[in-house]
Amino acid sequence: MVIADINIKPSGTLAETARILGEALAGLVFSEDSIGKYEEYPAYIAKRKGVVFVLLGVPAPGDDLSDFPSEDFSLVVDSINDSGEEAKDISDDLLILLKADGRLDCWR
């Protein structure tokens, strides 16, 4: 079981950032979340080998309930099935890949 949470400075639109992110992560293909699973957050989703990658955009001002609104995107990674194992945080591993690619400004 894996998890990750990474902040990403937008590189164009959410769709453009999702495309770049997918290319940087070895050809991961993100699709727009058309069912609104992430409620107020526009999102792009990709799946690979039992892991879901979700790129969350910025909610509309009226939908943003956070105390400190941000203009940054967020990549959230989680295993599709809960195996009961302790989750391994792969945020640092993903950051290494993304920084090596060099097209996205990202951090934890």
Side-chain angles (χ1 to χ4, degrees):
M1 195 166 147
V2 296
I3 58 170
D5 192 355
I6 297 172
N7 297 301
I8 300 174
K9 183 177 177 84
S11 184
T13 65
L14 184 60
E16 292 165 338
T17 303
R19 180 188 54 77
I20 294 168
L21 179 61
E23 290 171 359
L25 295 177
L28 201 57
V29 178
F30 282 85
S31 301
E32 187 172 10
D33 171 29
S34 58
I35 61 170
K37 179 175 182 174
Y38 298 94
E39 299 175 4
E40 69 270 16
Y41 292 93
Y44 277 75
I45 302 168
K47 295 177 183 174
R48 180 186 285 157
K49 296 182 181 178
V51 177
V52 64
F53 298 77
V54 181
L55 179 63
L56 298 171
V58 178
D63 293 333
D64 195 344
L65 304 176
S66 64
D67 292 333
F68 304 101
S70 172
E71 294 298 316
D72 298 317
F73 298 156
S74 185
L75 174 65
V76 178
V77 178
D78 200 359
S79 296
I80 293 172
N81 296 315
D82 184 358
S83 64
E85 302 172 12
E86 185 174 338
K88 178 182 185 230
D89 189 338
I90 61 169
S91 299
D92 290 335
D93 299 322
L94 292 174
L95 280 171
I96 289 168
L97 289 173
L98 295 172
K99 289 183 186 242
D101 179 78
R103 291 182 283 170
L104 294 171
D105 182 12
C106 46
W107 64 96
R108 284 188 82 166

Between [atom1] on residue [X] and [atom2] on residue [Y], distance to nearest 0.5 Å:
{"X": "Leu94", "Y": "Asp89", "atom1": "CG", "atom2": "CG", "answer": "9.0 Å"}
{"X": "Glu86", "Y": "Met1", "atom1": "CD", "atom2": "CE", "answer": "9.5 Å"}
{"X": "Ser79", "Y": "Ile3", "atom1": "OG", "atom2": "CD1", "answer": "9.0 Å"}
{"X": "Ile8", "Y": "Leu98", "atom1": "CD1", "atom2": "CG", "answer": "6.0 Å"}
{"X": "Arg19", "Y": "Thr13", "atom1": "CZ", "atom2": "OG1", "answer": "9.0 Å"}
{"X": "Phe73", "Y": "Thr17", "atom1": "CZ", "atom2": "OG1", "answer": "4.5 Å"}

### Side-chain touch Val52/Val77, heavy atoms, less than 4.5 angstrom
no
#### Entry: Shared-cluster residues of Val29, by chain and number - hydrophobic side chains joined below 4.5 Å
none
### Query
Is Phe68 isolated, or which residues cluster with it under the ILVMFWY side-chain rule of less than 4.5 Å, directly or via members?
none
### Task
Please say which of Leu97, Leu95, Asp101, Asp72 ends up in a side chain to side chain contact (heavy atoms under 4.5 Å, CB included) with Cys106.
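It is Leu95; the other options fail the test.
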### Task
Please name the pair of heavy atoms, one in Phe53 and one in Phe30, separated by the smallest distance, quoted to 0.1 Å.
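Answer, listing the atom of Phe53 first, then Phe30: O-CE2, 3.6 Å.
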### Query
Can you name the nearest heavy-atom pair linking Ser11 to Leu104, along with the distance?
CB-CD2, 3.7 Å
### Task
Using only heavy-atom distances, determine whether the side chains of Ser91 and Asp5 contain a donor-acceptor pair under 3.5 Å.
no
### Query
Is Leu28 reachable from Val54 through a run of hydrophobic residues whose side-chain heavy atoms are each under 4.5 Å from the next?
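In one cluster: no.
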### Message
Between Val76 and Val58, is there shared hydrophobic-cluster membership here, with clusters defined by ILVMFWY side-chain heavy atoms closer than 4.5 Å?
### Response
no
### Query
Is Glu23 salt-bridged to Arg103, going by a charged N under 4.0 Å from an acidic O?
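Counted as a salt bridge, because a side-chain N and a carboxylate O are separated by less than 4.0 Å.
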### Task
Determine, for Asp105 against Lys99, whether the closest basic-nitrogen to carboxylate-oxygen distance falls under 4.0 angstrom.
no
### Query
Any donor-acceptor pair under 3.5 Å linking the side chain of Ser74 with the backbone of Leu56?
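No, the answer is negative, given that no donor and acceptor are paired below the 3.5 Å cut-off.
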### Message
For residues 27-52, which residue pairs pass the side chain to side chain donor-acceptor pair (under 3.5 Å) check, not counting sequence neighbours?
### Response
none
